[in-house]
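Take a look at the structure below.
All residue numbers refer to positions in the sequence shown, counting from 1.
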Amino acid sequence: MKKFLLSMAAVALAISASAKTVVDYEIDYSKTDWNFYVMGYTPVVVNGVLTSEFPGDWYQYFIADLIKTTPGTTYTITVNMRTSSPATLGCNMGWGWGEGEIINNTIETTTEFSDCVVVMEEVNGTSSNIVLQPGMFEGKVEVKKVTVTHEEAEGEGPQPGDEIVDYQINYADTDWNFYVMGYTPVVVNGVLTSEFPGDWYQYFIADLIPTTPGTTYTVTVNMRTSAPATLGCNMGWGWGEGEIINNSLTTTTEFKDCVAVMENVQGTSSNIVLQPGMFEGVVEVKSVTVSHKAGENSIKSVAIDNGEEIIYNLQGVRVDRNHMNSGIYIINGKKTYIRR
């Protein structure tokens, strides 16, 4: 199964009087496989844990990629991980290909799973990656989750009604590395390209998009087709027993932003599938952007009471109200700010 985690922005609302922590990106290896660029070594996901072992020579590998970053910002990387013996491993944050730049740092680990933190100052890319460098460490390295955050002063960030970009992929910056649904498109000169294979077909154009249940998302695809067409486009979440929202995109022979609105998305990690179907021509995609309007779901500030409620955090994990901190939760399908 191929997937490539792409750039994502999960924008938080204020949860303190002076500053707030904004989660820019998160990957939980209990929910996805590893499908990044291979740097000479390929780690494997074992029982929801990204695992590597010393191959006999210095090695490194991606643990996150296409993180939406703002030039000049300082980011905190939190890696929930452990090593078979205490270690200091290399960890860098980079951006750009070929002539790109990196910030080098280290991360301290123990033999128990814990949040290992590294700060990357003055990141100057708009789409960044994180590389873990076990190097010559002769043991096992296990990673459960990677989170990237930054601090934002109160009053900064999106206001109600502002359009928030949750996810963006530009095929001029990356290859196509998603789950194969019977057809594999190719990136040609920075454009994701497909041609009619002789039968009905479809393929992923985005995956692992952080979404909030009950929210309406706008999917904008910069694309063209060899003849004007109406192509199927759906947004889905979950595997096996997952759900989808079906819609369509109207295209022309010139590159333009084609838009589909997906109402009341219920997943916390979603994908987008393009369905050329029986269109007998060429389909070309330059970029995919997923966004929503700030304040679309009514957010209330409430004190905790003793009602019987179904509560999830923004990562889609069900939580016990007796162990909740101040923050934003999904309570009975509605986004709610809890104050402790």
Side-chain angles (χ1 to χ4, degrees), residues 3-8 21 23-30 32-151 173-175 177 208:
K3 292 183 183 176
F4 197 93
L5 285 185
L6 307 163
S7 72
M8 340 182 165
T21 298
V23 178
D24 300 276
Y25 176 104
E26 187 170 68
I27 176 172
D28 183 338
Y29 284 105
S30 69
T32 186
D33 204 351
W34 183 93
N35 286 282
F36 298 123
Y37 177 73
V38 177
M39 306 179 75
Y41 180 88
T42 303
V44 295
V45 176
V46 180
N47 297 324
V49 179
L50 183 66
T51 304
S52 68
E53 295 194 58
F54 183 58
D57 201 355
W58 193 97
Y59 74 112
Q60 62 181 348
Y61 50 90
F62 277 56
I63 55 173
D65 196 12
L66 289 171
I67 305 157
K68 186 176 176 64
T69 49
T70 301
T73 303
T74 293
Y75 290 89
T76 299
I77 299 169
T78 304
V79 186
N80 188 269
M81 66 184 298
R82 71 179 178 187
T83 45
S84 52
S85 62
T88 299
L89 308 183
C91 180
N92 70 50
M93 191 168 193
W95 53 93
W97 291 90
E99 299 301 315
E101 301 176 60
I102 62 173
I103 298 173
N104 291 301
N105 213 321
T106 58
I107 197 161
E108 304 289 331
T109 68
T110 70
T111 57
E112 300 294 329
F113 278 110
S114 63
D115 285 341
C116 304
V117 178
V118 59
V119 176
M120 302 295 186
E121 297 184 352
E122 295 290 320
V123 171
N124 282 307
T126 57
S127 180
S128 303
N129 59 67
I130 300 168
V131 172
L132 185 64
Q133 298 174 317
M136 294 297 292
F137 174 69
E138 298 183 4
K140 181 182 287 187
V141 180
E142 296 174 289
V143 174
K144 283 187 174 180
K145 185 166 66 172
V146 181
T147 306
V148 180
T149 62
H150 74 276
E151 295 299 312
D173 298 329
T174 187
D175 204 352
N177 287 280
L208 289 169

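Between Y29 and V143, the shortest heavy-atom contact is CD1-O, 3.9 Å. Listed here is the closest heavy atom pair of D28 and S30: OD1-OG, 2.7 Å.
Looking only at atom types and distance, the side chain of E121 has no donor-acceptor partner in the side chain of T74 under 3.5 Å away.
Here the side chain of N124 pairs a donor or acceptor atom with the backbone of E122 at under 3.5 angstrom. Side chain of N105 to backbone of V119: a donor-acceptor contact under 3.5 angstrom is found. Side chain of S52 to backbone of P43: no donor-acceptor contact under 3.5 angstrom is found. With T51 contributing its side chain and V49 its backbone, the two residues share a donor-acceptor pair below 3.5 Å. Judged purely by atom type and a 3.5 angstrom limit, Y75 uses its side chain to pair as donor or acceptor with the backbone of T70. S84 places a side-chain N or O within 3.5 Å of a backbone atom of K140 that can act as its donor or acceptor partner.
In this structure, I107 and L132 have side chains that are in contact, with non-hydrogen atoms separated by less than 4.5 Å. Between V79 and V146 there is a side-chain heavy-atom pair separated by less than 4.5 Å. The side-chain heavy atoms of T147 and V23, taken from C-beta on, include a pair separated by under 4.5 Å.
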**Request:** Please assess V44 against W34 for the test side chain to side chain contact (heavy atoms under 4.5 Å, CB included), listing each intermediate value before the final yes or no.
**Result:** CA-CA 7 Å; V44 295; W34 183 93; over 6 Å; no

**Prompt:** Does the pair D57 and M136 meet the rule for a side chain to side chain contact (heavy atoms under 4.5 Å, CB included), with working shown?
**Reply:** CA-CA 6 Å; D57 201 355; M136 294 297 292; 4.3 Å; yes

**Asked** Would D173 and W95 count as a side chain to side chain contact (heavy atoms under 4.5 Å, CB included) if you check the C-alpha gap in whole Å, the side-chain angles of each, and the deciding distance to 0.1 Å?
**Response** CA-CA 10 Å; D173 298 329; W95 53 93; over 6 Å; no

**Verdict with reasoning, M120 to I130, per side chain to side chain contact (heavy atoms under 4.5 Å, CB included)** = CA-CA 10 Å; M120 302 295 186; I130 300 168; 5.9 Å; no

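When each of T109, T88, T110 is checked for a side-chain contact (heavy atoms from CB on, under 4.5 Å) with T83, only T109 meets the rule.
The aromatic rings of Y41 and Y59 sit tilted, their planes meeting at an angle between 30° and 60°.
Taking CD from Q133 and CG from L89, the interatomic distance works out to 9.5 Å, rounded to the nearest 0.5 Å.
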